[in-house]
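What you see is a predicted model; the values in this text were computed from it and never measured. Sequential numbering from 1 along the given sequence is applied to the chain's residues.
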Amino acid sequence: MAKAYWISAYRAIHKPDALAAYAELAGPALRAAGGKFLARGMPAATKEGGVNQRLVLIEFPSVEAAQAAYKSEGYKKALEALGDDAVERDIRIIEGAE
């Protein structure tokens, strides 16, 4: 079974305090669901029209595990702490090549 990767790309952060509250809950919830944080923060470089935006990359054992993490009670609590208008972002879950 191929690993999966959860990529969060932040276009804007409107409420840093809400993002911090979210991170305190999301980190433990995602790790408990099998997630391993590989990278987070601002890019060291952007190329070919890339956007200089905060990114988070998390590895999961499978797509199913990543999907389950998103639906978990712990992550739902993190989303509640984040609220509706604290950030503009998209989250993508992609299966690994191997």
Side-chain angles (χ1 to χ4, degrees):
M1 183 178 304
K3 291 184 180 183
Y5 299 90
W6 169 319
I7 305 159
S8 299
Y10 289 77
R11 292 181 293 282
I13 299 171
H14 302 296
K15 297 181 180 177
D17 291 343
L19 179 58
Y22 159 84
E24 283 187 35
L25 297 170
L30 297 174
R31 283 191 290 277
K36 177 181 175 185
F37 285 79
L38 299 180
R40 65 180 143 203
M42 298 300 289
T46 57
K47 307 291 184 190
E48 299 187 25
V51 179
N52 192 28
Q53 62 189 22
R54 178 177 174 75
L55 297 171
V56 178
L57 176 62
I58 309 166
E59 181 181 78
F60 283 89
S62 65
V63 168
E64 293 78 18
Q67 298 270 28
Y70 188 85
K71 295 175 185 175
S72 72
E73 289 303 314
Y75 191 70
K76 286 178 186 176
K77 289 180 183 177
L79 289 175
E80 288 173 13
L82 183 62
D84 292 331
D85 58 353
V87 299
E88 294 173 37
R89 68 177 181 172
D90 69 85
I91 295 175
R92 302 169 192 197
I93 295 172
I94 185 170
E95 188 173 40
E98 296 181 26

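- The pair E73-K76 meets the salt-bridge criterion, with a side-chain N (NZ, NE, NH1 or NH2) lying under 4.0 Å from an Asp/Glu carboxylate O.
- What you find for A65 and S62 is that their closest heavy atoms are N-OG, 3.0 Å.
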Does the side chain to side chain contact (heavy atoms under 4.5 Å, CB included) test come out yes or no for L38 and I58, once each step is laid out? CA-CA 6 Å; L38 299 180; I58 309 166; over 6 Å; no
One pair to check against side chain to side chain contact (heavy atoms under 4.5 Å, CB included): R40 and L57. What are the steps and the verdict? CA-CA 6 Å; R40 65 180 143 203; L57 176 62; over 6 Å; no
Walk me through it: do E88 and H14 pass the test side chain to side chain contact (heavy atoms under 4.5 Å, CB included)? CA-CA 8 Å; E88 294 173 37; H14 302 296; 2.7 Å; yes
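- Closest approach of A4 to V63, counting heavy atoms only: CB-N, 3.4 Å.
- Cation-pi geometry between R31 and Y75 is not satisfied (NZ or CZ under 6.0 Å from the ring centre, within 45° of the ring normal).
- Grouping the Ile, Leu, Val, Met, Phe, Trp and Tyr side chains by contacts below 4.5 angstrom, directly or via other members, places I7 apart from Y22.
- Identified under the salt bridge (Lys or Arg N to Asp or Glu O under 4.0 Å) test for residues 8-26, with sequence neighbours left out: R11-D90, K15-D85.
- Under a cut-off of 6.0 angstrom, the local environment of CD1 in I94 is sparse, with at most 12 non-hydrogen atoms contributed by other residues, nucleotides or ligands.
- Put simply, V87 and I93 are part of the same group of oily side chains (I, L, V, M, F, W, Y) that touch within less than 4.5 Å, one to the next.
- Distance CD/Q53 to OG1/T46: 9.5 Å, rounded to 0.5 Å.
- Linking ILVMFWY residues whenever their side-chain heavy atoms come closer than 4.5 Å, directly or via other members, leaves L25 and I13 in distinct clusters.
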Hey, mind stepping through W6 and I91 against side chain to side chain contact (heavy atoms under 4.5 Å, CB included) and telling me if it holds? CA-CA 7 Å; W6 169 319; I91 295 175; 3.3 Å; yes
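- For the pair P43 and N52, the minimum side-chain heavy-atom distance is below 4.5 Å.
- Between the side chains of Y5 and E59, at least one donor N or O sits under 3.5 Å from an acceptor N or O.
- When all heavy atoms of A29 and G74 are compared, the pair lying nearest together is CB-C, 3.6 Å.
- Taking each heavy atom of A26 and A78 in turn, the nearest pair found is N-CB, 3.6 Å.
- Residues G96 and A2 share a closest heavy-atom pair of O-CB, 3.7 Å.
- Note on Y70: it clusters hydrophobically with L19, by side-chain heavy-atom contacts below 4.5 Å among ILVMFWY residues.
- Looking at R89 and Y10, their side chains do bring a donor and an acceptor atom within 3.5 Å of each other.
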